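Please read the structure below before turning to the comments.
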Amino acid sequence: SEGWASPLKGFMRENQYLQALHFNCLFEDGICNQSILIVLPVSNENKEQVEHCKSVVLTYQGEIKAILRNIEFYPHRKRDRCCRQFGTQHEGHPMVKMIME
């Protein structure tokens, strides 16, 4: 990644997710402001399909966009995320609704 998402090298690992969720910062190699959670939620079905793979290709409209290696799965903590990021867990909020689906 570059710019505002630096020092991330891809989707957040669990320790990065929790740091950003609770402190709006990353604490690797000093302190870096990071209030935006960069995650790729997957269904249990998709997880079961790829959890033993060494790498996974992400595509969009048939075109390869990325290759994920050393994938880490962890709980999304959707309610915590919504409460901390938006101040509500009410599904009338459009972003909460999207996250909870």
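The structure displayed is predicted, hence computed values, not measured ones. For the numbers below, each heavy atom of this structure counts, side chains included, while hydrogens, waters and symmetry mates do not.
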Residue pair Val96, His90: steps toward the side chain to side chain contact (heavy atoms under 4.5 Å, CB included) verdict
CA-CA 7 Å; Val96 172; His90 189 277; 5.9 Å; no
Taking the side chain as C-beta and beyond, is there a heavy-atom pair between Pro7 and Leu26 under 4.5 Å?
yes
Can you tell which of Arg84, His76, Gln85 makes a side-chain contact (heavy atoms from CB on, under 4.5 Å) with Leu37?
Gln85
Is the CG atom of Leu18 crowded by more than 12 outside heavy atoms at less than 6.0 Å?
yes
Can you tell if the side chain of Arg13 reaches within under 4.5 Å of the side chain of Asn70, non-hydrogen atoms only?
yes
All side chain to side chain contact (heavy atoms under 4.5 Å, CB included) counterparts of Ser35, not counting sequence neighbours:
Asn24
Would you say Phe23 and Ile31 make side-chain contact, with heavy atoms under 4.5 Å?
no
Would you give the length of the straight line joining atom NZ of Lys78 to atom CE of Met98, rounded to the nearest 0.5 angstrom?
10.5 Å
Check for me, please, whether Met95 and Ile36 land in the same ILVMFWY cluster - side-chain distances under 4.5 Å, paths through other members count.
no
Can you find a heavy atom in the side chain of Gln16 that is under 4.5 Å from one in the side chain of Ile38?
no
CD-CD1 distance between Gln89 and Ile99, expressed to the nearest 0.5 angstrom:
12.0 Å
Do Leu40 and Leu58 come close enough that some side-chain heavy atom pair is under 4.5 Å?
yes
Do Phe27 and Tyr17 share a hydrophobic cluster, counting only Ile, Leu, Val, Met, Phe, Trp and Tyr and linking them when any side-chain heavy atoms are less than 4.5 Å apart?
no
Are Arg77 and Glu14 close enough that some pair of their side-chain heavy atoms sits under 4.5 Å apart?
yes
